[in-house]
There are 2 protein chains.
Amino acid sequence: MTNEATKSARKSAPKPADRRAGARAPASSKPKPASNRAERAAERRGAIIAAAMDEFIARGFAATRLDDIAKRAGVAKGTIYLHFKDKESMFEELIRTAIVPLVTRLWATPPQPGASVRDMVEGFAKTFIEEVATTRRGDLVRLIVAEGPRFPEVADFYYREVVSRGLAGMRALIELGIARGEIQHKNLAQFPQIMVAPALIAVIWQSLFSRHAPLDALEMFRVHLDLIFGERRTA
Amino acid sequence: MTNEATKSARKSAPKPADRRAGARAPASSKPKPASNRAERAAERRGAIIAAAMDEFIARGFAATRLDDIAKRAGVAKGTIYLHFKDKESMFEELIRTAIVPLVTRLWATPPQPGASVRDMVEGFAKTFIEEVATTRRGDLVRLIVAEGPRFPEVADFYYREVVSRGLAGMRALIELGIARGEIQHKNLAQFPQIMVAPALIAVIWQSLFSRHAPLDALEMFRVHLDLIFGERRTA
DNA sequence: ATTAAATGACTGACTAGTCAGTCATTGTCA
DNA sequence: TGACAATGACTGACTAGTCAGTCATTTAAT
């Protein structure tokens, strides 16, 4: 076997010294030393999730190496397997745990009773563009689009938790707008996707083409809203 | 335990060799019409491209195996390397050669002089939805969205050849519509993306969610056009 | 016969997942 | 309180593959 040669060559300086106490004391960048065992474990789990997130977004599922995730998380590879069954279920769980706060954040818009439907939708879009489209969360959406077909469970989850609910909410808003006379196009309630379409365009544009041509996503969305609600007073 | 997606895919063993070649040879019941050297080579190259297309779409770049492409193309693995430098440049060239006819096909709309701008856009959308969104070409678009960030050259090419030209053409059409009085919203010319947005939504929906909820993309697009051009006479 | 095209067994670099061992923390008893 | 045992989180070398790319050999067109 060539293992012997490879083995020794692979890692020449393991530097076993600063494992536990060593790693804890000098790492004052962490606000929490956390000498409690369970706390530290949870902290590590969080570090793994964050690292995995970055790696998966940057490389996609198949091209991501667990060694890299471990390195980025500051953890040994074996530790990953204390928290996740395997690479695939780590990916799925990752998406799930990332989606929930994203959706929560998005639906946490203060439902001002006096506001017009247009203002509500615009506020929503503003939040989405600022908090999702122009941040790493947007890459998460792109990641789901990219890997969805190969991870039906992820696509299902995303449909149930985000798409289905989001469209239902948007439909309700559209119907409110129609009832109030703000929206003339009654057929729009059949396709809430139309309301959301420019937001998704913004996400994709951001990842792929913003280098070539920056896109003012919010202004684009406002023009889109003009189509639906009619021209603004203040242009 | 290995990756489930990879594994299940691995099972589907393509049968005898001339799967693709047979499909390519147009007007003959003969499996092997070409005895000319250059012709056969070109045929093989085409088979490799078609097979690679299918595999890359189904699995993404990193998870696709050259062995599978070779098997599907009815060719030995070494043959691939007679036509392409390596996996990566094969992918890039593949996208390039697939995009060109796709764009050509799309811009080959007969520019009827008497038609309204709305009819032109609608005809365009109809072609797009029938020929791209609901076919394998749509998956190609999704593939570019998925792999674009990891293949800047592909993203660049796509921007130059498709996005940039497409938006310019669409902008011209919008300006024509404004000049003719068909379109009231002058700001729309700033964001031709809005015009196209539902078409992209349709492509993504098709790949990810059509199992859960089918989407009548053409009707959606018509409703979208109602927003831009005003309500249709015949609802 | 000559030579380009095609083949597929082979190589070696790479990686998901394992597991025997380590050691900081926690629990227990005197 | 101090000593010692039990725990289990953590480690990383290791195994068992996988797969891109090569090349000596075979096939077949000219």
Side-chain angles (χ1 to χ4, degrees), chain A residues 1-25 27 33-48 52 55-56 59-71 73-91, chain B residues 1-7 9-10 17-18 21 32-45 47-48 52 55-56 59-71 73-91:
Chain A
M1 294 270 196
T2 53
N3 275 358
E4 214 55 46
T6 313
K7 234 184 277 178
S8 47
R10 200 175 280 161
K11 208 79 190 261
S12 50
K15 207 178 187 179
D18 63 320
R19 270 196 54 202
R20 292 221 129 269
R24 215 204 326 164
S35 66
N36 175 302
R37 205 137 146 172
E39 253 177 60
R40 285 176 56 83
E43 220 169 67
R44 265 149 200 264
R45 191 193 158 88
I48 291 168
E55 293 289 330
F56 281 133
R59 304 204 195 327
F61 176 80
T64 292
R65 282 165 304 225
L66 293 201
D67 285 300
D68 289 346
I69 293 175
K71 190 183 281 183
V75 143
K77 186 154 64 146
T79 307
I80 292 173
Y81 288 89
L82 299 174
H83 293 281
F84 303 96
K85 182 174 148 284
D86 55 17
K87 191 185 180 185
E88 198 169 318
S89 61
M90 177 169 64
F91 180 76
Chain B
M1 246 161 282
T2 30
N3 182 321
E4 210 223 295
T6 310
K7 198 169 227 173
R10 193 168 296 151
D18 64 319
K32 241 189 189 180
S35 65
N36 175 300
R37 208 138 151 174
E39 253 178 60
R40 283 179 56 84
E43 217 168 70
R44 270 153 198 270
R45 191 194 159 87
I48 291 167
E55 293 289 330
F56 281 133
R59 306 200 205 317
F61 177 80
T64 292
R65 274 162 272 133
L66 273 307
D67 285 300
D68 288 347
I69 293 175
K71 192 183 280 184
V75 142
K77 187 157 62 150
T79 307
I80 292 173
Y81 287 89
L82 299 175
H83 294 279
F84 302 97
K85 182 173 148 282
D86 56 16
K87 190 185 179 185
E88 197 167 315
S89 61
M90 177 171 62
F91 180 76

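Chain letters run A, B, ... following the sequence lines, proteins first and then strands; every chain starts at 1.
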When rounded to whole Å, the CZ to C1' distance for the pair B:R45 and C:dA6 reads 16 Å
Just the rounded figure in Å: distance from P of D:dC19 to CZ of B:F61.
14 Å
Among D:dA20, D:dA9, C:dT7, which nucleotide has an atom closest to any side-chain atom of B:R65?
D:dA20
Testing the basics here: between B:I48 and B:I80, what is the closest heavy-atom pair and its distance to 0.1 Å?
CD1-CA, 4.1 Å
Of the nucleotides D:dT11, C:dT7, D:dC19, which has the atom closest to the A:R44 side chain?
D:dT11
Please tabulate, one pair per line, each protein N/O and nucleotide N/O from nucleotides 5-7 of chain D that are separated by under 3.5 Å, including the distance.
from  : atom 1 : to    : atom 2 : distance (Å)
D:dT7 : O2     : A:R37 : NH2    : 3.0

In whole angstrom, what separates A:E88's CD from C:dG17's C1'?
14 Å
For B:I48 and D:dG21, what is the distance between atoms CD1 and P respectively, to the nearest whole Å?
14 Å
Tell me which pairs pass salt bridge (Lys or Arg N to Asp or Glu O under 4.0 Å) where either residue lies in residues 81-91 of chain B, with sequence neighbours left out.
none
Check whether any side-chain N or O of B:H83 sits under 4.0 Å from OP1 or OP2 of C:dA5, and answer yes or no.
no
What is the distance from CG of A:D67 to C1' of C:dT18, rounded to the nearest Å?
13 Å
Please verify the inter-ring angle class for A:F56 with A:F61; under 30° counts as parallel, over 60° as perpendicular, anything in between as tilted.
parallel
Should A:R44 and A:L82 be marked as a side-chain contact (heavy atoms from CB on, under 4.5 Å) after you check the CA-CA gap, both sets of side-chain angles, and the distance that decides it?
CA-CA 11 Å; A:R44 265 149 200 264; A:L82 299 174; over 6 Å; no
Once you round it to whole Å, what is the distance between C1' of D:dG21 and CD1 of B:I80?
11 Å
Could you state the CD-C1' distance from A:E43 to D:dA9, rounded to the nearest angstrom?
14 Å
For atom CZ of B:F84 and atom P of D:dA20, their distance in whole Å:
15 Å
Residues which pass side-chain contact (heavy atoms from CB on, under 4.5 Å) with B:A62, listed by chain and number, not counting sequence neighbours:
A:A62, A:A63
Touch class at under 4.0 angstrom, heavy-atom based, for A:L82 against every strand present:
base
Using a cutoff of under 3.5 Å, can you pull out all pairs of nitrogen or oxygen atoms linking the protein to nucleotides 22-27 of chain D, with atom names and distances?
none

State which residues pass ring-ring contact (aromatic ring centres under 6.0 Å, His included) with A:F84; sequence neighbours excluded, sorted by chain then number.
none
My understanding is that only residues two or more places apart in sequence, or in another chain, count here; which of them pass side chain to side chain donor-acceptor pair (under 3.5 Å) with A:R65?
A:D68
Considering only heavy side-chain atoms of B:T79, the closest of D:dT11, D:dC10, C:dT7 is C:dT7
Excluding sequence neighbours, so at least two apart, what forms side-chain contact (heavy atoms from CB on, under 4.5 Å) with A:D67?
A:K77
